[in-house]
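Have a look at the structure below before the remarks.
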Protein chains: 2
Amino acid sequence: MRNPKIPEATIIRLSVYSRFLTQLENKGVTNTSSGQIAEGVGGSSAQVRKDLAYFGEFGTRGVGYNVKDLNQNIIKILGLSKRWKVVIVGAGNLGSALTQYKGFKERSFDVIGVFDIDPTRIGSTLNGVSIYPVSKIEDMIKENGVEIGIIAVPADFAQEVADILVKSGIKAILNFAPVVISVPRGVELRNVDLTVNLEVLTYNIEMQKGE
Amino acid sequence: MRNPKIPEATIIRLSVYSRFLTQLENKGVTNTSSGQIAEGVGGSSAQVRKDLAYFGEFGTRGVGYNVKDLNQNIIKILGLSKRWKVVIVGAGNLGSALTQYKGFKERSFDVIGVFDIDPTRIGSTLNGVSIYPVSKIEDMIKENGVEIGIIAVPADFAQEVADILVKSGIKAILNFAPVVISVPRGVELRNVDLTVNLEVLTYNIEMQKGE
DNA sequence: TAGATTGTTAATCGATTAACAATC
DNA sequence: TAGATTGTTAATCGATTAACAATC
């Protein structure tokens, strides 16, 4: 294993570095440094170099990094040099917004189907993506080799949906429902928790006042 | 300062504990233990006790915790015993979904206005919340003492919107735009990064394959 | 009392930061 | 060569885990 326990925080930062490098590329910048990247993403240059060092040597001492090269390397590390098929379960407000979110396509994610239980929604399309009944999830995943599922249903149904996704062979789940769900080992799970994020803010606001 | 550097991870977990305790309350459960909470949220009992210990003694040795009491204490810690006014900037798909998101109200957040630059959107309402022109942000924040702003505009406009919010006296910002924005010290900032979350998943999927 | 479970301390683990030799 | 910046090691810092005395 050439992988000595890489912090998750490092992976998150690599993703942010990559986005920043893409910005530089678009501006026509060809060369950069750990200092410039750090400034662009709000970190330290030592941390940028450390994060990159887990995966190899991408720069030139005394010179810095080639923007395009480095970005391609990070994209490769993150697994984004291929396109990923994604299904979204829940075609409510949030599910619909996510389905139509342009940022996913730019970063190599293709939403190929949305699923709902509401018969009035089924059959219509969102930005060219069809809404199917939940009963079709398994076929869709198996026939297309879908590896990522997004859960955007109310909390009460989230575990049930997770179970369907797992049974269908999904590899990873991004959960937006405000509830803790459990999946077997081997299935990756991340939670995007909208209220938790706001609550960290309110805690911090109150702390400031109290100081 | 009776606040010896509390890890942000602790605050995030407290928010999740609180949600779990609310579930228990709704089921009519009156008493619980650090072990039960840990099981419910996928952590360890030692960590639950440690997290709570930063703020006081909420349990009884040999007995456990009173569900309602503990939840109220955590809610107080997080600053949620009052209601918070929130404005959302951006009435596109994501901003609209967030405006109509029911989970916020349940956790003491009231969205009192949405702002956009698109004249065709301005004047209509989303779930009873009016869409105003961006030029009205400052008045709205100042007149209502709004403390939290949510950014749901494209990346290119995010910094500009952040500047407006800051200038209007906002205390905290939740940023959904996929770009690093900067705010002065004293303004809290958190980022909810949709693509970064997917990219951590793809990295992990690829890692598993490689092992 | 015996059993259970907290609150807290100490030990461990892991991540970040600082420093600097290597080298372009 | 002198200046710049990387890659890497060692030092520091912080968070988690384990253990257990306190006590209901």
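Worth saying up front: this structure is predicted, and the values here are computed from it rather than measured. Throughout, protein chains are lettered first and strands after them, A, B, ... in sequence-line order, and every chain is numbered starting at 1.
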- Note on the structure: Writing each nucleotide of DNA chain D 5' to 3' as (, ), [, ], | or . by Watson-Crick or G-U pairing under 3.5 Å yields ..||||||||||||||||||||||
- Under the 3.5 angstrom rule, does the side chain of Thr32(A) hit a backbone N or O of Tyr65(A) as a donor-acceptor pair? no
- Query: Does the Gln159(A) side chain pair with the main chain of Ser182(A), one donor and one acceptor, at a distance under 3.5 Å?
  - Reply: yes
- Query: Nearest heavy-atom pair of Glu199(B) and Ser15(A): which atoms, and what distance?
  - Reply: OE1-OG, 2.7 Å
- Rounded to whole angstrom units, what separation is found between the CD1 atom of Ile11(B) and the C1' atom of dA15(D)? 14 Å
- Item | Distance, rounded to the nearest Å, where Asn66(A) contributes CG and dT5(D) contributes C1' | 15 Å
- Is any side-chain heavy atom of Lys68(B) less than 4.5 Å from a side-chain heavy atom of Asn71(B)? no
- Taking atom P of dG7(C) as reference, at what distance in whole Å does atom CZ of Phe55(B) sit? 14 Å
- To the nearest angstrom, how far is Asp51(A) atom CG from dT6(D) atom C1'? 14 Å
- Query: If you check the Tyr65(A) side chain, which of dT6(D), dT17(D), dT8(C) turns out closest?
  - Reply: dT6(D)
- Message: Let's go through Ile181(A) and Ile151(A) carefully: what are the C-alpha distance in whole Å and the side-chain angles of both, what is the deciding distance for side chain to side chain contact (heavy atoms under 4.5 Å, CB included) to 0.1 Å, and is it a yes or a no?
- Response: CA-CA 11 Å; Ile181(A) 62 179; Ile151(A) 297 180; 3.8 Å; yes
Are there any protein N/O atoms within less than 3.5 Å of an N/O atom in nucleotides 21-24 of chain C, and if so, which ones and at what distance?
{"residue": "dA22(C)", "atom": "O4'", "partner": "Arg61(A)", "partner atom": "NH1", "Å": "3.4"}
{"residue": "dA22(C)", "atom": "N3", "partner": "Arg61(A)", "partner atom": "NH1", "Å": "3.1"}
{"residue": "dC24(C)", "atom": "O4'", "partner": "Arg61(A)", "partner atom": "O", "Å": "3.1"}

- Message: What is the distance, to the nearest angstrom, from the CD1 atom on Ile6(B) to the C1' atom on dC13(D)?
- Response: 17 Å
- Query: Hey, does the side chain of Ser108(B) reach the backbone of Leu80(B) with a donor-acceptor pair shorter than 3.5 angstrom?
  - Reply: yes
- Message: Tell me whether Glu39(A) at atom CD has more than 12 heavy atoms from other residues, nucleotides or ligands lying less than 6.0 Å away.
- Response: no
- side-chain N/O Arg49(A) vs dG7(D) OP1/OP2, d < 4.0 Å: no
- Message: If I take atom CD in residue Glu8(A) and atom C1' in nucleotide dG14(C), what distance separates them, rounded to the nearest angstrom?
- Response: 14 Å
- Query: Which of these nucleotides, dT17(D), dT16(C), dT17(C), is closest to any side-chain atom of Arg13(A)?
  - Reply: dT16(C)
- Query: Is there a residue in residues 21-43 of chain A whose heavy atoms reach under 4.0 Å of DNA chain D, and which residues are they?
  - Reply: Ser33(A), Ser34(A)
- Would you mind reading off the distance between Asp69(A) atom CG and dT6(D) atom C1', rounded to a whole angstrom? 15 Å
- Within less than 4.0 Å of OP1 or OP2 of dT17(D), is there a side-chain N or O belonging to Gln47(B)? yes
- Message: For the backbone of Phe104(A) and the side chain of Thr195(B), can you confirm whether one donor and one acceptor N or O come within less than 3.5 Å of each other?
- Response: no
- Message: Within the structure provided, determine whether Val89(A) and Phe157(A) are in side-chain contact (heavy-atom separation under 4.5 Å).
- Response: no
- Query: Which residue, Lys50(A) or Leu52(B), contacts DNA chain C at a nucleotide closer to its 5' end, judged by nearest heavy atom?
  - Reply: Leu52(B)
- Would you call Lys142(A) and Glu138(A) a salt bridge, using N to O less than 4.0 angstrom? yes
- Item | Between P of dG7(C) and CG of Asn73(B), the distance in whole Å | 11 Å
- Any donor-acceptor pair under 3.5 Å from Ser18(B) side chain to Leu14(B) backbone: no
- Message: If you apply the rule side chain to side chain contact (heavy atoms under 4.5 Å, CB included), what do you find for Phe115(A) with Val153(A), and how did you get there?
- Response: CA-CA 10 Å; Phe115(A) 299 85; Val153(A) 300; over 6 Å; no
